[in-house]
**Q** 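Just passing along the structure, written as structure tokens.
Lettering of chains follows the sequences in order, A, B, ..., and the numbering in each one begins at 1.
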Amino acid sequence: MRSTTATAHGPAPNDPAHHGVTTPSVRVRFAPSPTGYLHVGSARTALFNWLYARSVGGVMVLRIEDTDENRNRPELTNAIFEYLSWLGIDYDEGPYYQSERKERHREAVQQLLNEGLAYLCDTDNNELAGTTMSAGKAVRFRTPSGITHIGDVVRGEVAVDHSQLGDFVIWRSDGSPTFVLANAVDDADMSITHAIRGEDLLSSAPRAVLLAEALGATPPVYAHLPLLVNEQRKKLAKRRDDVSLESYRKQGYLASAMANYLALLGWGPRDELEIRPMSEIIEQFRLEDVNKASAFFDVAKLQHFNGVYIRQLSSADLLEALVAHLQTSQVPWPPERFSLSVVADMVGLVQEKLRTLDDIVPQIDWLFCPDPITDEASWDKAVVRGKAAEEILAGAIAALANCSWDPDAVKETVFSVGEANGVNRSKAQAPVRVAVTGRSVGPPLFEPMVRHLTRQEVLRRLQTAHTRLTTETS
RNA sequence: GCCCCGUUCGUCUAGUGGCCUAGGACGCCAGAUUCUCAAUCUGGUAACACGGGUUCGAAUCCCGUACGGGGUGCCA
């Protein structure tokens, strides 16, 4: 019988005194299982591994844990590469594929079997004599009695009594290694010094430590990150929560904003400055500063970050991002009516209004659609119930037919029509805006309207609106 | 049930025994500005889960309670 009291404590490579000094001995890994598209929780784990590695000059390893062969699909693995790269998370080694290391895992199990540290069992969990692995026989680790102490950088020391562990399976009867076995063997073989992962894996850590020690290896230092949770404070799950990075990208979130936001879930810089370049986040990052409590993924705050990042873009970069985004989005206008130069002209007017790239669509659709898409709430508010709306529409139709077709002239013309009807500028533009754009909110009205629509088209839309109003209210 | 983990404004966090009448950010509310909406600026709202200790002094240390979460598979 063996009492295990070894801990996974190492030196303190992230000690502030050592900060900024290259510590080449640090090796971390991001080890996703490709069972679904990369989601924000996994991305956060990848990011924290990367931040730690980059902050101490360590090595980042990527290992694909594809041991569950029926659930793995190649496109899911490719999605992992794609989204890591999207977020700007690179790696120094790998990708290694756990599925290619099966013989090594078998060898490790055989070693434990030979040393009497594990035993064969049948599907009814009866211990079998012998040490020859074969189909139909699983292998269980012979858990010694004792207590294992996990020295967790985030949580401090966690002690688990082995009686809670049982003789756990390390090799399945179908001839495949289990998660803990593969994980422990790979971490050992790849000289991983720090295992930074989700808290949901905390309870499997003692098993991994026991296995590593049984195999004669030093277990890594663990750092279990607080879980990302939904409104109900439940662990974010792919099934019930919309959390795939893909969906955020499709909605028009920038990678830079997403990465910045993710870094702030479970950690905060000591100087409290939240929105900042990744290089500064790397400088500020301390693994031991990571929080213990789970964090809610707050889309409202993400939106704010995204808006800030969009506003920081140069017009050229924003235009590029918008055009790329529009090409992969559902859009209400016929493609042949789309004009790149019009979008380019609109960028400066709408940049400060966008929180996501998707927000551009309702800002510009009226310039490309044959008819404006009328929002009924806007119509009701600004036209049906708008003060002197009928008079303003009629007055605008008359006045705009002759005035100079110039933004300032048109603007002043509309305002004078309003004034003549006892209505201020705000109220005067409202019915015109809804008639021309379909909505009561949008970009500054007069410049794009005059520059990109003809006088004839504007008059037609005003006339259509006026006709509808007088018809419906008579 | 059992084991483990957690608990500072609605949310993300700062805080590592005195600098805390608890700071920042998002949200929300109000005002300024404005052709709408935003953006911007100004102001405001709002928290140390509870109860005991320890200490001259506790959000910070200890114990208990409550609540929440994770795990409890031949899933990862």
Side-chain angles (χ1 to χ4, degrees), chain A residues 31-36 65-68 70-71 98 121-123 125 136-140 150 152 154-156 158-161 163-166 168-180 182-183 197-206 224 226-227 229 231-235 261 264-275 288-289 291-305 307-308 311 349-355 359 362-363 378 381-382 411-412 414-415 418 424-430 432-434 437 439-447:
Chain A
S33 168
T35 53
E65 302 211 332
D66 53 349
T67 49
D68 188 349
N70 355 323
R71 280 165 74 189
Q98 206 162 55
C121 75
D122 63 21
T123 47
N125 298 334
K137 292 178 185 173
V139 180
R140 283 179 184 269
I150 310 291
D152 192 293
V154 174
R155 270 147 230 290
V158 178
V160 178
D161 192 295
S163 62
Q164 295 302 320
L165 270 28
F168 52 94
V169 173
I170 56 177
W171 190 263
R172 298 188 193 96
S173 55
D174 69 356
S176 64
T178 60
F179 164 73
V180 254
N183 203 261
R197 21 123 87 158
E199 194 200 341
D200 51 343
L201 295 174
L202 179 56
S203 54
S204 77
H224 287 96
L227 257 21
V229 298
E231 304 82 330
Q232 287 82 42
R233 298 253 126 207
K234 303 268 191 210
K235 175 172 85 161
Y261 177 67
L264 266 19
L265 255 22
W267 174 81
R270 291 179 180 181
D271 65 7
E272 302 191 340
L273 185 57
E274 295 191 326
I275 298 183
E288 66 272 22
D289 283 354
N291 299 143
K292 298 168 167 60
S294 55
F296 171 65
F297 185 85
D298 185 3
V299 179
K301 188 155 181 174
L302 206 213
Q303 277 182 352
H304 174 259
F305 276 39
V308 172
R311 273 173 254 133
L349 293 177
V350 302
Q351 180 161 16
E352 66 194 15
K353 300 175 195 298
L354 306 180
R355 285 185 307 176
D359 289 345
Q363 295 284 331
S378 295
K381 179 184 166 209
K411 175 164 63 175
E412 290 314 318
V414 170
F415 289 160
N424 66 20
R425 295 174 155 220
S426 172
K427 297 273 192 242
Q429 60 89 41
V432 176
R433 177 183 289 279
V434 173
T437 72
R439 297 185 189 82
S440 56
V441 303
L445 177 62
F446 301 106
E447 291 181 41

**Q** Of the non-hydrogen atoms in A:Ser204 and A:Val180, which two are nearest, and what is the gap between them?
**A**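 In terms of heavy atoms, the two residues are closest at O-CG1, 3.8 Å.
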
**Q** Which of the following nucleotides, B:C4, B:U36, B:A25, is nearest to the side chain of A:Pro444?
**A**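 Ranking B:C4, B:U36, B:A25 by closest atom to the A:Pro444 side chain puts B:U36 first.
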
**Q** Tell me the partner of B:G64, counting only Watson-Crick (N1-N3 plus N6-O4 or O6-N4) or G-U wobble (N1-O2 and O6-N3) with both under 3.5 Å; none if nothing fits.
**A**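 In the structure as shown, B:G64 has B:C50 as its Watson-Crick or wobble partner.
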
**Q** Among B:G10, B:G24, B:A38, find the nucleotide with the atom closest to the side chain of A:Asp298.
**A**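 Selected nucleotide: B:G10.
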
**Q** Take atom P in B:U60 and the same atom in B:U54, then report the distance between them in whole Å.
**A**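 So the two P atoms sit 15 Å from each other.
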
**Q** Report yes if a side-chain nitrogen or oxygen of A:Lys235 is closer than 4.0 Å to either non-bridging phosphate oxygen (OP1 or OP2) of B:G71; otherwise report no.
**A**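 So the side-chain polar atoms of A:Lys235 do come within 4.0 Å of the phosphate oxygens OP1 or OP2 of B:G71, strictly under.
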
**Q** For the pair A:Leu201 and A:Asn183, evaluate side chain to side chain contact (heavy atoms under 4.5 Å, CB included) and give the outcome as yes or no after the intermediate values.
**A** CA-CA 11 Å; A:Leu201 295 174; A:Asn183 203 261; over 6 Å; no

**Q** From the options B:C75, B:A25, B:C5, select the nucleotide whose nearest atom is closest to the side chain of A:Arg172.
**A**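 Nucleotide nearest to A:Arg172's side chain: B:C75.
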
**Q** For nucleotides B:U34 and B:C41, find the distance between their C1' atoms and express it as a whole number of Å.
**A**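 Their C1' atoms lie roughly 13 Å apart.
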
**Q** Measure from the side-chain heavy atoms of A:Lys234 and tell me the nearest of B:G70, B:U7, B:C74.
**A**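 So the side chain of A:Lys234 is nearest to B:G70.
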
**Q** Work out how far the P atom of B:G17 is from that of B:A59, and round it to whole angstrom.
**A**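 Taking atom P in both B:G17 and B:A59, they lie 13 Å apart.
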
**Q** Name the closest nucleotide to the A:Ser426 side chain, picking from B:C26, B:U36, B:C3.
**A**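 Nearest to the side chain of A:Ser426 among the choices is B:U36.
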
**Q** Using the C1' atom on both, measure B:A30 against B:C12 and round to a whole Å.
**A**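 Each nucleotide's C1' atom is 24 Å from the other's.
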
**Q** Could you pull out all donor-acceptor pairs under 3.5 Å where a side-chain atom in residues 295-304 of chain A meets a protein atom, sequence neighbours excluded?
**A**
| from | atom 1 | to | atom 2 | distance (Å) |
| --- | --- | --- | --- | --- |
| A:Asp298 | OD1 | A:Ala300 | N | 3.2 |
| A:Lys301 | NZ | A:Glu274 | OE1 | 3.2 |
| A:Lys301 | NZ | A:Glu274 | OE2 | 3.3 |
| A:Gln303 | OE1 | A:Arg355 | NH1 | 3.1 |
| A:Gln303 | NE2 | A:Tyr253 | OH | 3.4 |

**Q** When we call it a touch if two heavy atoms are under 4.0 Å apart, what does A:Asp359 touch: a base, just sugar-phosphate, or nothing?
**A**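 Contact class for A:Asp359: none.
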
**Q** Roughly how far apart, to the nearest Å, are B:U13 and B:G57 at atom C1'?
**A**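 Nearest-Å result for B:U13 against B:G57 at atom C1': 26 Å.
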
**Q** Look through every strand shown and name the nucleotide pairing with B:A76 as Watson-Crick or G-U wobble, where both distances are under 3.5 Å.
**A**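 Result: none.
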
**Q** Is the closest basic N to carboxylate O distance between A:Lys235 and A:Glu199 below 4.0 Å?
**A**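 A:Glu199 and A:Lys235: not salt-bridged.
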
**Q** More 5' along RNA chain B: A:Gln429 or A:Gly266, using each one's nearest nucleotide?
**A**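 Final value for this comparison: A:Gly266.
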
**Q** Taking only the P atom of each, what is the distance from B:A22 to B:A38 in whole angstrom?
**A**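 That atom pair is separated by 32 Å.
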
**Q** Is A:Leu165 touching bases, backbone alone, or none of the nucleic acid, heavy atoms closer than 4.0 Å?
**A**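 Here A:Leu165 touches no strand at all.
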
**Q** Between A:Phe305 and A:Ser294, which has a closest nucleotide on RNA chain B that is more 5'?
**A**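 By nearest-heavy-atom nucleotide position, the 5'-most residue is A:Ser294.
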
**Q** Nearest to the side chain of A:Glu199, heavy atoms from C-beta on, is which of B:U36, B:C5, B:A25?
**A**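 Between B:U36, B:C5, B:A25, the one nearest the side chain of A:Glu199 would be B:C5.
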
**Q** Expressed in whole Å, how much space separates the P atoms belonging to B:U16 and B:C29?
**A**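 So the two P atoms sit 34 Å from each other.
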
**Q** Tell me if a side-chain donor or acceptor on A:Asp66 pairs with a main-chain N or O of A:Gln98 at a distance below 3.5 Å.
**A**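 Indeed, once roles are kept as given, a pair shorter than 3.5 Å links the two residues.
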
**Q** Classify the nucleic acid contact of A:Ala138 as base, sugar-phosphate or nothing, counting any heavy atom under 4.0 Å across all strands shown.
**A**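 Since a base atom lies under 4.0 Å of A:Ala138, the category is base.
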
**Q** Base, sugar-phosphate, or nothing: which does A:Leu445 touch, judged by heavy atoms less than 4.0 Å apart?
**A**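 Base contact - A:Leu445 has a heavy atom under 4.0 Å of at least one base atom.
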
**Q** Which whole number of Å gives the distance between the P atom of B:G23 and that of B:C48?
**A**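 That atom pair is separated by 13 Å.
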
**Q** Please check the phosphate of B:C74 (OP1 and OP2 only) for any side-chain N or O of A:Arg140 closer than 4.0 Å.
**A**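 Result: yes.
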
**Q** Is any N or O donor-acceptor pair between the side chain of A:Lys353 and the base of B:C37 shorter than 3.5 Å?
**A**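 Yes.
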
**Q** Should B:G57 form a Watson-Crick or G-U wobble pair with both distances under 3.5 Å, which nucleotide is its partner?
**A**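 Partner of B:G57: none.
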
**Q** Would you confirm whether A:Arg197, through its side chain, and A:His224, through its main-chain N or O, come within 3.5 Å as a donor-acceptor pair?
**A**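 Here the side-chain-to-backbone pair does not exist.
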
**Q** Would one find a side-chain N or O of A:Arg311 under 4.0 angstrom from OP1 or OP2 of B:U40?
**A**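 So the side chain of A:Arg311 is within the cut-off, an N or O lying under 4.0 Å from OP1 or OP2 of B:U40.
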
**Q** Is the phosphate of B:A14, meaning OP1 or OP2, less than 4.0 Å from a side-chain N or O of A:Asn291?
**A**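 Yes, such a contact exists.
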
**Q** Return the pairing partner of B:C20 with a 3.5 Å limit on both distances, Watson-Crick or G-U wobble; otherwise return none.
**A**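 The answer is none; no pair meets the criterion.
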
**Q** Looking for any heavy atom pair under 4.0 Å, which part of the strands does A:Pro443 touch: base, sugar-phosphate only, or nothing?
**A**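 Base contact.
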
**Q** Output the single nucleotide from B:C26, B:C75, B:A14 whose closest atom is nearest the side chain of A:Glu272.
**A**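 Selected nucleotide (nearest to the side chain): B:A14.
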
**Q** If you check the A:Thr123 side chain, which of B:C26, B:C74, B:G6 turns out closest?
**A**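 Comparing B:C26, B:C74, B:G6 against the side chain of A:Thr123, the answer is B:C74.
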
**Q** What nucleotide, of B:C35, B:A76, B:C37, holds the atom closest to the side chain of A:Arg433?
**A**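 So the nucleotide nearest the side chain must be B:C35.
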
**Q** Going by atom types alone, do A:Ser426 and A:Asn424 pair a side-chain donor with an acceptor below 3.5 Å?
**A**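 Not at all, the side chains of A:Ser426 and A:Asn424 share no donor-acceptor pair under 3.5 Å.
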
**Q** Counting the atoms with a prime plus P, OP1 and OP2 as sugar-phosphate, which does A:Phe179 contact under 4.0 Å by heavy atoms, base, sugar-phosphate, or nothing?
**A**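 Result for A:Phe179 = base.
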
**Q** Give one of base, sugar-phosphate or nothing for A:Glu274, where a contact means two heavy atoms less than 4.0 Å apart.
**A**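 A:Glu274: base contact, heavy atoms under 4.0 Å.
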
**Q** Looking only at side chains, do A:Thr437 and A:Arg433 share a donor and an acceptor under 3.5 Å apart?
**A**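 Checked: A:Thr437/A:Arg433 side chains show no N/O donor-acceptor pair below 3.5 Å.
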
**Q** Which of the following nucleotides, B:G71, B:G68, B:C35, is nearest to the side chain of A:Asp200?
**A**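 The closest nucleotide is B:G71.
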
**Q** Once you apply a heavy-atom cut-off of 4.0 Å, does A:Asn125 come out as touching a base, just sugar-phosphate, or nothing?
**A**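 It contacts base atoms.
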
**Q** Looking across every strand, which nucleic acid part, if any, lies under 4.0 Å from A:Ala428 by heavy atom: base, sugar-phosphate, or nothing?
**A**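 No contact.
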
**Q** So which nucleotide does B:U11 pair with, by the Watson-Crick or G-U wobble rule with both distances under 3.5 Å?
**A**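 Pairing partner, where one exists within any strand: B:A25.
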
**Q** Which part of the nucleic acid does A:Tyr261 contact within heavy-atom distance under 4.0 Å: base, sugar-phosphate only, or nothing?
**A**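 Contact class for A:Tyr261: none.
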
**Q** Can you tell me the base-pairing partner of B:A30? Count Watson-Crick or G-U wobble geometry only, both distances below 3.5 Å, and say none if there is no partner.
**A**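 Partner of B:A30: B:U42.
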
